[in-house]
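One structure is given here, and the rest of the page talks about it.
The figures that follow rest on heavy atoms only: side chains count, while hydrogens, waters and symmetry mates do not. We number each residue from 1, following the sequence as shown.
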Amino acid sequence: VVFTYINIGGYWAYIELATVGTDASSEWVASMLVYTSFFSLIGCLFAVLLSNRFGLSKPLLVTLVFQASIVLMLIFGITNYSVAFSMFAFNFCWIFVDIYQAATISNVDRSGRYVSLLPAAQGLGNGLGPGAAATVLAWGVGYNGVFIMCASASIIAMLVYLYMYLMLRRE
């Protein structure tokens, strides 16, 4: 959960700034920031449909890899269309991850102890993400470094869930 939110926090803290001086217009980016928030609602509906069909673990693993890809895509250039696609897809996947993480943790821990810690883990990651991204920028790596850091956090989260999935499957 923490690694997932490092990705989310770093991405949303710097996505608008990363577009400055690129082919993306600032007006376009500002409007996309508004419109993409509605994609989380659509993501909720799709997450439920997918979990009903494929369970929780597989869609979570695929979503984390897809989210990493969405962030890495921006390394190859930021245009109006690439940033719009990235923001819409990132927000769409964000809600997938939230739903699947909460459901997975509640399935693993029937007592509810760990689920009650979920907001704390999300808050910790959401705080660490922008700080880690700022550190990457301070190193002079630029926004491509931030995108690599965010994608890496998503892949680390996927690996943690993959390990958990494999351990639970064995049981």
Take F96 and Y100 through the ring pair (Phe, Tyr, Trp, His ring centres under 6.0 Å) test and state the conclusion after the steps. CA-CA 6 Å; F96 270 56; Y100 295 147; 5.7 Å; yes
Closest non-hydrogen atom pair, T4 against A157: OG1-CB, 3.3 Å
Rounded to the nearest 0.5 Å, how far does CE of M167 lie from CG of L162? 9.5 Å
Between I70 and C93, is any pair of side-chain heavy atoms under 4.5 Å apart? yes
If you draw a 6.0 Å radius around CZ in F46, do more than 12 non-hydrogen atoms from other residues or ligands fall strictly inside? no
Test side chain to side chain donor-acceptor pair (under 3.5 Å) on N91 and Y35 and set out the steps. CA-CA 10 Å; N91 225 9; Y35 298 130; over 6 Å; no
Shared hydrophobic cluster for V62 and L159 (ILVMFWY, side-chain gaps under 4.5 Å): no
So do F66 and T63 actually touch side chain to side chain, heavy atoms under 4.5 Å? no
Is a side-chain donor or acceptor of S69 paired with a backbone partner of V65 at a separation under 3.5 angstrom? yes
Correct closest heavy-atom pair for V146 and G10 would be CG1-O, 4.3 Å
Where the side chain of S154 meets the backbone of L64, is there a donor-acceptor pair that is under 3.5 Å apart? yes
Here the pair of heavy atoms bringing G145 nearest to V136 is C-CG1, 3.4 Å
Donor on one side chain, acceptor on other, Y11 and S86, under 3.5 Å: yes
ILVMFWY cluster, M87 and V34 together (side-chain gap under 4.5 Å): yes
Quick check: closest heavy atoms across V29 and A24, and the distance to 0.1 Å? CG2-CB, 3.9 Å
Test side chain to side chain contact (heavy atoms under 4.5 Å, CB included) on M149 and T135; report intermediate values, then the result. CA-CA 10 Å; M149 182 223 54; T135 302; over 6 Å; no
Cluster question for you: counting only ILVMFWY and a side-chain heavy-atom cut-off of under 4.5 Å, with indirect links fine, are V97 and V48 together? no
Full working for side chain to side chain contact (heavy atoms under 4.5 Å, CB included) between T79 and F85: CA-CA 10 Å; T79 64; F85 176 77; over 6 Å; no
Interatomic distance, OH@Y114 vs CD1@I105, rounded to 0.5 Å, equals 10.5 Å
When you look at CZ of F3, are more than 12 heavy atoms from neighbouring residues, nucleotides or ligands closer to it than 6.0 Å? no
Starting at CD1 of I78, measure out to CE of M73 and round the result to the nearest 0.5 Å. 8.5 Å
ILVMFWY network linking I148 to F76, side-chain heavy atoms under 4.5 angstrom: no
Taking E16's backbone N and O only, do any of them form a donor-acceptor pair with T19's side chain (distance below 3.5 Å, no angle check)? yes
Just wondering, do Y165 and T104 contact through their side chains at under 4.5 Å, heavy atoms? no
Where does the angle between the aromatic ring planes of W12 and W94 fall among parallel (under 30°), tilted (30 to 60°) and perpendicular (over 60°)? tilted
I15 vs L33, side chain to side chain contact (heavy atoms under 4.5 Å, CB included): CA-CA, chis, key distance, verdict: CA-CA 9 Å; I15 188 61; L33 286 169; 4.2 Å; yes
To the nearest 0.5 Å, what is the distance between CG (L74) and CG (N144)? 8.5 Å
Is any side-chain heavy atom of N80 less than 4.5 Å from a side-chain heavy atom of M32? no
Side-chain donor-acceptor contact under 3.5 Å, Y81 with D23: no
Can you check whether N7 reaches F90 side chain to side chain, under 4.5 Å on heavy atoms? yes
Take L166 and Y163 through the side chain to side chain contact (heavy atoms under 4.5 Å, CB included) test and state the conclusion after the steps. CA-CA 5 Å; L166 294 173; Y163 174 76; 5.9 Å; no
In Å, rounded to the nearest 0.5 Å, how long is the span from CG of L45 to CG of L50? 11.0 Å
Heavy-atom closest contact (V115 atom, A102 atom, distance): CG2-O, 4.3 Å
Got V1 and Y161 here, is their nearest side-chain heavy-atom distance under 4.5 Å? yes
Common cluster, L56/L49, ILVMFWY with side-chain heavy-atom separation under 4.5 Å: no
When rounded to the nearest 0.5 Å, the distance separating CG of L168 from CG of N107 is 9.5 Å
Could you tell me if the side chain of I42 sits less than 4.5 Å from the side chain of F92, heavy atoms only? yes
Minimum heavy-atom distance L128-V2, with the two atoms named: CD1-CG1, 4.1 Å
Looking at N126 and I8, would you say the former's side chain and the latter's main chain have a donor-acceptor pair under 3.5 Å? no
